[in-house]
Amino acid sequence: MPELPEVETIKLQLEKRIKGETIRGVEVLNPRLINVSVPKFISKTKGVKIKSLRRRAKLLVIDLSSGDSLLVHLKLTGLLIMDQKPDKHTSVIFEFEGSKKLLYKDLRKFGYMKLLSTSQTDKILNKEFGPEPLSKDFTPEKFKELLLKKKKAKIKPLLMDQKFLAGIGNIYAQETCFYAKVNPERKVGTLENGEVKDVYDGLRKIMNAAIKSGGTSVDAYRDVDGREGNFITRLKVYGREGQECFRCGAKIKAIKLSGRTTCFCPKCQR
DNA sequence: CAATCGTCCTGCGGGC
DNA sequence: TGCCCGCAGGACGATT
């Protein structure tokens, strides 16, 4: 599922491929995932230039030169893919110069592509999310300060809380806890200073490494060229229930935390 | 007030 | 083989 590293990968690729291009044609095959009527969507995007691309949390923003923006959430199975043949999961097709095409697809249709004014988009991005884990102002001190306000929360679900921290989902929250040798159910208030620092370091290292690998392909995720992300080969706990821990050899356990499957090593994550 | 639950959707895997 | 059931999951709204 696309989390911060996957959306960042798509953003970087789209920047190279469609930034500055003019949308020559628009086709909406499934109106369910857009927030305005099909005629309005087409009239507001056709003939308009792609001004810039941004990412905030797991959201991708495509800014248009008209003062509007497309706010895209890929949720679990959303894809933005260039130059593929449309299939039954294709919701929107943008056409550019030279028959270049961008397809917006979503197998489970949990995602959305909202046409909003850029100022409306900015309001949403600024209000509803915690800090970006890779930003400069997300320092170890800042992280500690934020944790102090959430002493009773369990660490793993908290890392996934977009209002607390932006862009972390089920895969990277599990991987971060493994890195820090912290049990996902640990109450934040019981974490020692060293553990807090390890969680912080884990977040930064894992996010950076995952972006370098082009993200993680579990489920449907593919990059803009339809390629898989390579970070899947470096996952330590996600999806490894019953297998041996890479660090200590104990059996990886799976539990449910706020309804989400959570894998961890009961021996070396305390 | 904060945590948890149901919901959206579809492909796939388990069980018989 | 084939069918049916249930599960997976981000985020929102409803509930406890």
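Chain letters run A, B, ... following the sequence lines, proteins first, then strands; residues in each count from 1. For clarity, every value in this text was computed on a predicted model and none was experimentally measured.
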*Assign A/Lys150 to base, sugar-phosphate, or nothing according to its heavy-atom contacts below 4.0 angstrom with the strands shown.*
nothing
May I ask you to evaluate whether A/Arg260 reaches the phosphate of C/dA8, defined as a side-chain N or O under 4.0 Å from OP1 or OP2?
no
In whole angstroms, the gap separating P of C/dA8 from OH of A/Tyr221 amounts to 24 Å
Whole-Å distance, A/Tyr112 OH to C/dG9 P, equals 20 Å
A/Asp106 atom CG is separated from B/dG11 atom P, nearest whole Å, by 12 Å
Separation of B/dT4 atom C1' from A/Lys154 atom NZ, nearest Å, is 10 Å
If you compare every side-chain N and O of A/His73 against the phosphate oxygens of C/dG10 (OP1, OP2), does one of them come in below 4.0 Å? no
### Query
Can the ring centres of A/Phe178 and A/Phe264 be said to be less than 6.0 Å apart?
no
Item to check | Side-chain H-bond candidate by donor/acceptor type, A/Lys156 with A/Asn183, under 3.5 Å | outcome: no
message = Within the 4.0 Å heavy-atom criterion, would you say A/Lys58 contacts the bases, only the backbone, or no part of the nucleic acid?
response = sugar-phosphate
(Q) Taking only side-chain N and O atoms of A/Ser258, does any of them lie within less than 4.0 angstrom of OP1 or OP2 on B/dA3? (A) no
key: Donor + acceptor pair across side chains of A/Lys49, A/Thr22 (<3.5 Å)   = no
Would you say a side-chain N or O of A/Gln162 is under 4.0 Å from OP1 or OP2 of C/dA11? yes
Determine: side-chain N/O of A/Thr261 to OP1/OP2 of C/dG9, distance under 4.0 Å, yes or no.
yes
- A/Lys75 side chain near C/dA11 phosphate (N/O to OP1/OP2, under 4.0 Å): no
Between CG of A/Leu76 and C1' of B/dC8 the distance, given in whole Å, is 10 Å
Student check: side-chain heavy atoms of A/Val61 and A/Ser69 closer than 4.5 Å: yes
From NZ of A/Lys256 across to P of B/dT4 the rounded distance in Å is 14 Å
Presence of A/Lys152 side-chain N/O under 4.0 Å of B/dC1 phosphate oxygens OP1/OP2 | no
A/Leu107 CG to C/dG9 C1', in whole Å, measures 13 Å
Quiz item: Contact class for A/Tyr238 vs. all strands (heavy atom < 4.0 Å): base, sugar-phosphate, or nothing?
Solution: sugar-phosphate
From CD of A/Gln174 across to P of C/dA8 the rounded distance in Å is 12 Å
- prompt: Is a donor-acceptor pair below 3.5 Å formed from side chain A/Arg108 to base B/dG11, judging by atom type as modelled?
  reply: no
Discussion item. I'd like to know if the side chain of A/Lys105 pairs up with that of A/Gln84 as donor and acceptor (distance under 3.5 Å, no hydrogens or angles considered).
Written reply: yes
Check whether any side-chain nitrogen or oxygen of A/Arg32 sits under 4.0 Å from OP1 or OP2 of B/dC9, and answer yes or no.
yes
